[in-house]
Amino acid sequence: MSIDIDTARKVAHLARIAVAEDDLPKLAGQLSGILTFMEQLNEVDVEGIEPMTSVTPMRLKRRADVVTDGGYQDKILKNAPDAREGFFAVPKVVE
Amino acid sequence: MSLNKLTIADARDALRKGETTSVALTEACLAAIDGADALNAFCAKTPEIALAQAAAADARIKAGDAPAMCGIPLGIKDLFATKGVATQAASNILKGFKPEYESTVTQNLWDAGAVMLGKLSMDEFAMGSSNETACYGPVVNPWKIDDRALTPGGSSGGSASAVAADLCLAATGTDTGGSIRQPAAFTGIVGIKPTYGRVSRWGVVAFASSLDQAGPMTKSVRDAAIMLGAMASVDAKDSTSADIPVPDFEAALTGDIRGKKIGIPREYRLDGMPAEIEKLWDDGIAMLRDAGAEIVDITLPHTKYALPAYYVIAPAEASSNLARYDGVRYGHRAKLAAGDGINEMYEKTRAEGFGPEVQRRIMIGTYVLSAGFYDAYYNRARRVRALIKRDFDLAFADGIDAILTPATPSSAFGLGEMQDADPVAMYLNDVFTVTVNLAGLPGISVPVGLDSKGLPLGLQLIGRPWAEGDLLNHAYVLEKAAGFSAKPAKWW
């Protein structure tokens, strides 16, 4: 499976990474190389094998559905590039 | 001997006897760090924190309440959140980020009285095998054989370089595909990746959550046992932290492996493997046999597929984990042009903030998780992963106690030498280590000898799940038999 320039552009957009038009051919080539390397997996007989979900057999822990943490808005906002009036600020989303 | 050259065990004993103080140890390390800027290992120095912690440790030692790590000066990989101290995962996208919280691992170390000297550089988001993807520029290996600067390996390259150059007594590392064991091998030190779930991942910047584990990088196997004991804990804040008590790993170092069965997997004898690596491996086999272990040829038939499976699974998890870097909550946000909306903010921020290798892995992960390819790539890789784990399960069910392999396919290479290589060529560095992450097992790299160029080479021992004590004991025997004592000549 090789990745063409259109696919590379689409993947970059899905990943929300801006890639200049001029850089797409090189990126497509590199992604294709990596995918070719992965193609080896098609040699393996995986019939009847379940995809691994947990490497050590364990049941995820459960706890009571109660508030155990919080109440420090200032700390949460402290590292934000743009925080105003107790909120994260972003460019306008709704027209 | 200069105090910064001590092992944890020797420093602990000297502190308890009152022969030295943590402040003296810490000052020796801080001076060594200031004299080693050429190595570029530390990306943040925290002398004020270090000296305050050292003074508190000295008081605690005096009071007679001193755990083994009390007063020991450490370097911390830039992947661990440290409260109020820059934590950047060596990425521009986290520039300026100072966490309001402390990772469980580092909190455990501070609770035990350890001292933080500063933060250590690494490959960006732990993605790399040469430390060249760090936003701070590459770390340099203290080992040098000509005028070239060599890589310390990666991703825990700053940790490896700092320990090998005696800038600290030990350091924390993390290992997703070999990021503790490969740099340990390249710099002649010891590094252990524990069983998945032994050490809490809480507060460690996530790369691939089903593979990531933190561990110690140290000057000796005994030090690894001591420090792992302090790092490990059962942690309610990490849902994959196993509910298994942490034993006394140091007590497991009996030096007796008589009757133990050591597996030698034939699939690790790669075509074109350098003769020196083959010989090192054979030497290691002889050392364990001479110590009374039984050597058994074993087969791990799916080994060949570990790297391609890893390079589906790790990028898939990374693309999901790194979605959080959106320019909203922390770190970098791109300057926007008039009329730019939220999508432009995401796309420009992530293009500016992530380096090329991280971008590639996010996009590969995005691709293998996208509609139409999820089954063909991601699910297939997870099924192959199940087979890789089964290979190990069967070997251990046959009575194998530990598995001996080379740690890396070569010794340290020159910085920049892989610049124009295919990204896949760099991935081959992980060929012997990545199986262990996929199977969730503990693995340790032990320095065993020098190659003909005079660079360190390591062997890897792989243990049963949750049997780090037994694994460390095997490593202890190998370390004693190999008698590796070479140190890099100081040039920096």
Side-chain angles (χ1 to χ4, degrees), chain A residues 1 3 7-8 10-20 23 27 29-31 33-58 60-63 68-69 72 74-83 88-93 95, chain B residues 96-98 100 195-197 210 236 239-240 242-243 302 304-305 307-309 311-312 319 326-333 336 340-348 350-351 354 359-360 362-364 366-367 370 377 379-387 389 422-424 427 438-440 465:
Chain A
M1 182 87 194
I3 289 198
T7 310
K10 188 178 154 216
V11 172
H13 177 65
L14 281 174
R16 297 293 185 272
I17 296 174
V19 178
D23 295 335
L27 176 67
Q30 287 178 334
L31 297 184
I34 297 168
L35 284 179
T36 305
F37 178 62
M38 295 172 179
E39 306 280 292
Q40 292 174 66
L41 295 177
N42 293 330
E43 300 165 12
V44 186
D45 179 6
V46 293
E47 195 57 42
I49 305 295
E50 282 296 308
M52 183 190 283
T53 48
S54 168
V55 70
T56 38
M58 58 166 77
L60 283 180
K61 291 172 201 163
R62 295 176 177 216
R63 63 167 174 81
T68 57
D69 202 2
Y72 35 76
D74 53 329
K75 285 188 178 183
I76 301 290
L77 293 172
K78 192 151 185 196
N79 280 289
D82 189 4
F88 294 110
V90 297
K92 195 165 83 171
V93 181
E95 291 301 323
Chain B
F97 178 58
K98 288 188 177 172
E100 290 291 315
T195 312
Y196 183 81
S210 79
S239 59
T240 60
D243 217 351
H302 296 90
K304 181 185 164 194
Y305 302 104
L307 262 186
Y311 277 98
V312 173
S319 79
D326 53 9
V328 176
R329 286 158 294 169
Y330 29 66
H332 177 72
R333 178 187 290 189
L336 301 181
D340 276 353
I342 197 153
N343 269 321
E344 285 80 11
M345 183 193 72
Y346 294 148
E347 294 190 348
K348 288 183 179 179
R350 289 161 65 82
F354 292 135
Q359 292 193 16
R360 260 196 301 276
I362 290 174
M363 286 191 257
I364 280 287
T366 303
Y367 182 78
S370 63
Y377 289 102
N379 268 343
R380 176 166 280 270
R382 290 197 302 142
R383 294 163 96 184
V384 172
R385 184 179 181 185
L387 289 169
K389 180 169 188 292
D422 195 286
V424 172
Y427 298 170
L438 289 168

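Computed from a predicted structure; not experimentally measured.
- Neither the backbone nor the side chain of B/Asp326 comes within contact range of chain A, judged by heavy atoms closer than 4.5 Å.
- Heavy atoms of B/Ser239 lying under 4.5 Å from chain A belong to its backbone as well as its side chain.
- Looking at A/Lys78, only its side chain comes within 4.5 Å of chain B, counting heavy atoms on both sides.
- Between A/Pro91 and B/Arg333, the closest heavy-atom pair is CD-NH1, 4.4 Å.
- Taking 4.5 Å as the limit, some side-chain heavy atom of B/Tyr377 sits within range of a side-chain heavy atom of A/Glu39.
- Top candidate by heavy-atom pairs under 4.5 Å with chain B, chosen from A/Leu14, A/Ile34, A/Thr56, A/Val19, is A/Ile34.
- Most heavy-atom pairs under 4.5 Å with chain A: of the set B/Ser319, B/Ala236, B/Ala351, this distinction falls to B/Ala351.
- Note: A/His13 leads A/Glu50, A/His13, A/Lys10, A/Arg63 in heavy-atom pairs under 4.5 Å with chain B.
- Only the backbone of A/Ala89 comes within less than 4.5 Å of a heavy atom in chain B; its side chain stays farther off.
- Only the side chain of B/Leu336 has a heavy atom closer than 4.5 Å to any heavy atom of chain A.
- Only the backbone of B/Ala439 comes within less than 4.5 Å of a heavy atom in chain A; its side chain stays farther off.
- Looking at B/Met363, both its backbone and its side chain come within 4.5 Å of chain A, counting heavy atoms on both sides.
- The residue among A/Asp45, A/Val90, A/Val44 with the most heavy atom pairs within less than 4.5 Å of chain B is A/Val44.
- Residue B/Val424 touches chain A through its side chain alone, counting heavy-atom pairs closer than 4.5 Å.
- Atom CD1 of A/Ile49 and atom CZ of B/Arg380 lie 11.5 Å apart (nearest 0.5 Å).
- Under the 3.5 Å distance criterion, with hydrogens and angles disregarded, no donor-acceptor pair is assigned to the side chains of B/Arg329 and A/Asn79.
- In this structure, A/Val46 and B/Arg383 approach most closely via the heavy-atom pair O-NH2, 3.1 Å.
- Contact check for B/Tyr367 versus A/Leu31: no side-chain heavy atoms found under the 4.5 Å cut-off.
- Considering all non-hydrogen atoms of both residues, A/Pro81 and B/Gly331 come closest at CG-O, 3.4 Å.
- Taking B/Arg382 as the reference, A/Pro51, A/Thr53, B/Ile313, B/Tyr374, B/Tyr378, B/Asn379 meet the side chain to side chain contact (heavy atoms under 4.5 Å, CB included) condition, with sequence neighbours excluded.
- Two residues are said to be in side-chain contact when any heavy atoms from C-beta on lie closer than 4.5 Å; A/Leu27 and B/Gln359 fail this criterion.
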